[in-house]
Amino acid sequence: MNPTVGIAVILTVLQAAHCQMIKDLSACLLGQSLRVDCRYENKTSNPLTYEFSITKDNRKHIIQSTINVSENIYRNRANVTMHKNLVCLYLQSFTTSDEGVYMCELKATNDYTGNQIKNITVIKDKLEKCAGFSLLIQNTSWLLLLLLSLPLLQAVDFVSL
């Protein structure tokens with residue numbers, strides 16, 4: 001085998017290994033809706049597939065998925081949004097009957113290391129309310145830019161503290 005081809009194959013395999021990793025799974029109440037945030041680190045530009053499910057009464061119920069078919073009882077109540085390194089499940093009209101172990105499963109296309117899975121137990125009475133600015137905190141570059149530009153803005157009398 002040509003050494004250049006061998007190195008290219010090794011680099012391709014290394015790039016595919018561990019393309020994404022779930023860093024955190026959290027849940028909170030947003031009004032009458034449940035929000036489950038699945039934060040991940042993505043090391044590739046390959047498309048991401050996801051699945052949110054709940055286990056209750058020892059049975060797995062698929063809530064929303066690009067991997068499998070969602071169950072009818074959740075289709076009209078659930079939606080998913082994707083932001084940079086964050087997949088959010090919103091489950092409307094959340095009640096105690098929706099309590100259980102929620103699972104986030106992620107897989108990057110052409111990632112042969114398997115799916116990343118994380119679980120969280122959700123009990124309505126123990127959930128905190130979602131912070132109104134939590135999505136802004138996830139990408140704090142705007143805040144850093146503002147803090148770094150304050151001295152410049154003060155110098156031109158645009159802002160006085």
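Residue numbers run from 1 in the order of the sequence given. Because the structure is a prediction, the values reported are computed rather than measured.
Hydrophobic clustering of Ile, Leu, Val, Met, Phe, Trp and Tyr side chains at less than 4.5 Å, counting indirect connections, keeps Val36 apart from Met103. Under a hydrophobic-cluster definition in which Ile, Leu, Val, Met, Phe, Trp and Tyr are linked whenever side-chain heavy atoms come within less than 4.5 Å, directly or via other members, Met82 and Leu89 are assigned to the same cluster. Follow the hydrophobic side-chain contacts under 4.5 Å out from Ile73 and you reach Phe94 in the same cluster.
Separation of atoms CD1 (Ile63) and CZ (Arg75) is listed at 13.0 Å; rounding is to 0.5 Å. Lys124 contributes atom NZ, which lies 9.0 Å from atom OG of Ser97 (distance to the nearest 0.5 angstrom). For the atom pair CD1 (Ile67) and OG1 (Thr49), the distance works out to 4.0 Å, reported to the nearest 0.5 Å. Gln92 CD to Ser33 OG: the interatomic distance, rounded to the nearest 0.5 Å, is 5.0 Å. Atom CD of Glu105 sits about 8.0 Å away from atom CD1 of Ile22, to the nearest 0.5 Å. We find the CD-CG distance between Glu41 and Asn85 to be 7.5 Å, quoted to the nearest 0.5 Å.
Side-chain contact between Tyr40 and Lys23: absent, with no pair of heavy atoms (C-beta onward) separated by less than 4.5 Å. Proximity of Asp24 to Asp37: side-chain heavy atoms (C-beta onward) are nowhere separated by under 4.5 Å. Using a 4.5 Å cut-off on side-chain heavy atoms (C-beta onward), Asp98 and Leu34 make no contact. Put simply, the side chain of Cys38 reaches to within 4.5 Å of the side chain of Phe52, judged on heavy atoms. Side-chain contact between Ile62 and Val69 is absent, with no heavy-atom pair separated by less than 4.5 Å. Gln32 has its side chain out of reach of Ser93: every pair of non-hydrogen atoms, C-beta onward, lies at least 4.5 Å apart.
Checking side-chain atoms of Ser65 against main-chain N and O of Ser70 turns up no donor-acceptor pair under 3.5 Å. With hydrogens and angles disregarded, no donor-acceptor distance shorter than 3.5 Å links the side chain of Arg77 to the backbone of Leu91. With hydrogens and angles disregarded, no donor-acceptor distance shorter than 3.5 Å links the side chain of Lys126 to the backbone of Thr121.
For the residue pair Val122 and Ala27, the shortest heavy atom distance occurs at CG2-CB, 3.9 Å. When every heavy atom of Ile120 is checked against every heavy atom of Ser26, the shortest pair comes out as CD1-CA, 3.7 Å.
Considering Lys60, Lys118, Lys107 in turn, Lys60 is the only one that fulfils the salt bridge (charged side-chain N to carboxylate O under 4.0 Å, His left out) rule with Glu51.
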